[in-house]
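Beneath this line is the structure, given in structure tokens, with notes to follow.
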Amino acid sequence: MKRLLLGCLLTTTLAACSSTNSQQAATTGNNAINKPTATLSSANSNSPAQAVLNQKIDANMAAAPGFIPFAATDSTLDPVGKGQILRQISSIQAMKKITLRGYCYRGSSNKAKPVAQARAAEVRDFLVTAGIPAKRITIRINTDKKQHGVQIASR
């Protein structure tokens, strides 16, 4: 049931971007992190929007797989962040305890603590929708580093 709910949520969220370019799928490898992406494919595999989305996800994964970046002023999880989490969902599900550390640099916002908390809560809610029990997830915040995003780590 949870997988069905996640599928419906993802389909709704990424309606125009719900497929994987077969050439990019071949170049990203066949490891466990990339398998959820393959299950999201649909008939529209040559969508330019999907290609751009996959490039952004690939760039984030190459830079820091466990770090989900957010825009400096935003606390909403975008399709790139959702795609990045979905590519790693099997390894995240394998974690016994998960720490989500929300980052928002206090030098760039008067509301850094609430924004960092909201970012971590947004990722937590997405993970819970994906079938990970909320009791396994702990939220922490950091406003000292010049970062904007959420770090997913195992405790």
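Count residues from 1 along the sequence.
- The CE atom of M95 sits 10.0 Å away from the OG atom of S90 when rounded to the nearest 0.5 Å.
- Contact record, L100 with A120: CD1-O, 3.6 Å, taken as the closest heavy-atom pair.
- Taking every heavy atom of both residues into account, G83 and I57 meet most closely at CA-CD1, 3.6 Å.
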Practice task
Any chance you could lay out the side chain to side chain contact (heavy atoms under 4.5 Å, CB included) test for I141 and R101, step after step, and finish with the verdict?
Solution key: CA-CA 5 Å; I141 63 168; R101 186 169 305 276; over 6 Å; no

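- Between I85 and F126 there is a side-chain heavy-atom pair separated by less than 4.5 Å.
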Sequence neighbours left out, cut at 3.5 Å: what donor-acceptor pairs do the side chains of residues 61-76 make with other protein atoms?
unit_1, atom_1, unit_2, atom_2, d
D74, OD1, T76, N, 3.1
D74, OD1, T76, OG1, 3.3

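- Between P79 and L53, the closest side-chain pair of non-hydrogen atoms falls below 4.5 Å.
- With rounding to the nearest 0.5 Å, the separation of CD1 in I98 from CD1 in I152 is 8.0 Å.
- The distance from atom CG of D144 to atom SG of C104, rounded to the nearest 0.5 Å, is 11.5 Å.
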Practice task
Check the pair K97, T138 against side chain to side chain contact (heavy atoms under 4.5 Å, CB included), reporting the backbone distance first and the verdict last.
Solution key: CA-CA 8 Å; K97 294 187 179 188; T138 302; over 6 Å; no

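- Evaluation of the side chain to side chain donor-acceptor pair (under 3.5 Å) rule for N60 yields Q84 as partners, not counting sequence neighbours.
- Residues I137 and V128 have side chains in contact (heavy-atom distance under 4.5 Å, counting atoms from C-beta outward).
- Residue pairs meeting the side-chain hydrogen bond (donor to acceptor under 3.5 Å, both in side chains) criterion with at least one partner in residues 113-127, sequence neighbours excluded, are R119-H148.
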Practice task
In sequence, state the C-alpha distance, the side-chain angles, and the governing distance for K145 and Y105, and then conclude on side chain to side chain contact (heavy atoms under 4.5 Å, CB included).
Solution key: CA-CA 6 Å; K145 291 188 178 182; Y105 183 55; 6.0 Å; no

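- In this structure the side chain of I139 never reaches within 4.5 angstrom of the side chain of T99, judged on heavy atoms.
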